[in-house]
Amino acid sequence: MRRGKDYRNALIRKIQVARREMPGLDDDVTYRAVLERVTGKDSLRAMNLTQLDQVIHEFHALGWGKPPRAKASRDTHGLPKNFPPKPDPKATALLMTKIEALLADKDGFVPWSYASAILKRMYRVERLEWATPTQLRGVITALSKGGKRKGGQTALGEDGRVYKRVWRGNQWKWEPQEDARA
């Protein structure tokens, strides 16, 4: 903790701000009564640093401002300062579920290695587990555009013919397959 005249003056200024902002301390008698109750002294100039800290904590207990808290630190041991934060695991799980659905939507079930290959080709990241949410969104976009370009699901029609879902004229259409019978 920083000690010295500047620190002491900063504490005094903080107490004076709290006095002005707290609705119950507008009366000088009430303010001095709080100071005496906490430290036994009725003047800020007569208090030491510990007593000034006690007064500030008392004002926080009475409802002024938010009490000072330690900042939550991220374990950055060995990481550069511009390293991106860890992605939200919930968002990553939702994106992985979307990728799985897109893989299952293709003709049959396309293996996960297909999505991994897209990720590696686009971002040079070896595994889907290492990808950021932005990179996973890029894989989702590539999978959905690939589905539009290469065709999607197949279905068996009432007439026994196989129909394939294709992207034509900015919409999905079912077209019969040639030489495909159930």
Side-chain angles (χ1 to χ4, degrees), residues 1-3 6-7 10-11 13-14 17-18 21-22 53 56-57 59-182:
M1 203 156 87
R2 192 177 81 197
R3 302 289 182 196
D6 291 337
Y7 182 67
L11 288 177
R13 282 192 300 272
K14 194 171 187 180
V17 167
E21 290 179 357
M22 288 185 65
D53 278 334
I56 289 174
H57 285 293
F59 285 160
H60 284 303
L62 293 174
W64 175 70
K66 293 184 178 178
R69 294 183 182 166
K71 291 184 179 179
S73 65
R74 192 178 80 172
D75 182 19
T76 58
H77 181 71
L79 295 177
K81 296 294 181 204
N82 62 350
F83 196 77
K86 292 181 181 177
D88 181 21
K90 194 173 188 179
T92 304
L94 291 173
L95 293 171
M96 293 293 275
T97 304
K98 176 69 175 177
I99 290 173
E100 182 179 14
L102 288 170
L103 290 173
D105 191 33
K106 298 216 177 275
D107 295 330
F109 184 81
V110 178
W112 280 95
S113 59
Y114 182 69
S116 295
I118 291 173
L119 180 72
K120 187 174 181 180
R121 186 173 53 238
M122 289 175 69
Y123 299 107
R124 294 183 179 21
V125 176
E126 295 290 326
R127 300 178 60 164
L128 285 168
E129 295 85 21
W130 299 343
T132 63
T134 304
Q135 292 168 342
L136 290 176
R137 285 188 200 95
V139 171
I140 289 171
T141 303
L143 284 171
S144 62
K145 286 188 177 185
K148 291 177 184 177
R149 192 170 54 247
K150 296 179 182 172
Q153 304 167 332
T154 57
L156 186 62
E158 293 177 4
D159 57 355
R161 294 177 64 180
V162 176
Y163 289 85
K164 188 170 186 178
R165 190 174 181 207
V166 293
W167 184 257
R168 300 262 191 257
N170 291 333
Q171 63 183 358
W172 286 105
K173 293 185 179 180
W174 289 96
E175 293 183 354
Q177 292 296 305
E178 302 299 326
D179 303 334
R181 295 264 174 196

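Start at 1 with the first residue, then count along the sequence.
- Atoms NE2 and CE, from H60 and M22 in turn, are 10.0 Å apart once rounded to the nearest 0.5 Å.
- Residues passing the side chain to side chain contact (heavy atoms under 4.5 Å, CB included) test with P133, sequence neighbours excluded: P87, T92, L95, R137.
- Residues A131 and V125 share a closest heavy-atom pair of N-CG1, 4.2 Å.
- Nearest heavy-atom pair, A115 versus L103, reported as atom, atom and distance to 0.1 Å: CB-CD1, 4.1 Å.
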Quiz prompt | Verdict with supporting geometry, L119 and W130, side chain to side chain contact (heavy atoms under 4.5 Å, CB included) | solution = CA-CA 10 Å; L119 180 72; W130 299 343; over 6 Å; no

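- Heavy-atom minimum distance, M122 versus A142: SD-CB, 4.0 Å.
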Quiz prompt | Test log, rule side chain to side chain contact (heavy atoms under 4.5 Å, CB included), inputs L143 and Y114 | solution = CA-CA 9 Å; L143 284 171; Y114 182 69; 3.5 Å; yes

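- Nearest heavy-atom pair across L102 and S144 is CD1-N, 4.4 Å.
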Exercise. Show your working on salt bridge (charged side-chain N to carboxylate O under 4.0 Å, His left out) between R127 and E129 and close with a plain yes or no.
Key: CA-CA 5 Å; R127 300 178 60 164; E129 295 85 21; 3.0 Å; yes

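- Side-chain contact check for K120 versus E126: some heavy-atom pair is nearer than 4.5 Å.
- Atom CG of D53 and atom CG of L11 lie 5.5 Å apart (nearest 0.5 Å).
- The backbone N or O of A18 sits nowhere less than 3.5 Å from a side-chain atom of E21 that would complete a donor-acceptor pair.
- The shortest non-hydrogen separation linking Q135 to Y123 is O-CE1, 3.4 Å.
- W112 places a side-chain heavy atom less than 4.5 Å from the side chain of E100.
- Distance check, rounded to the nearest 0.5 Å: CG of L136 to CE of M96 gives 6.5 Å.
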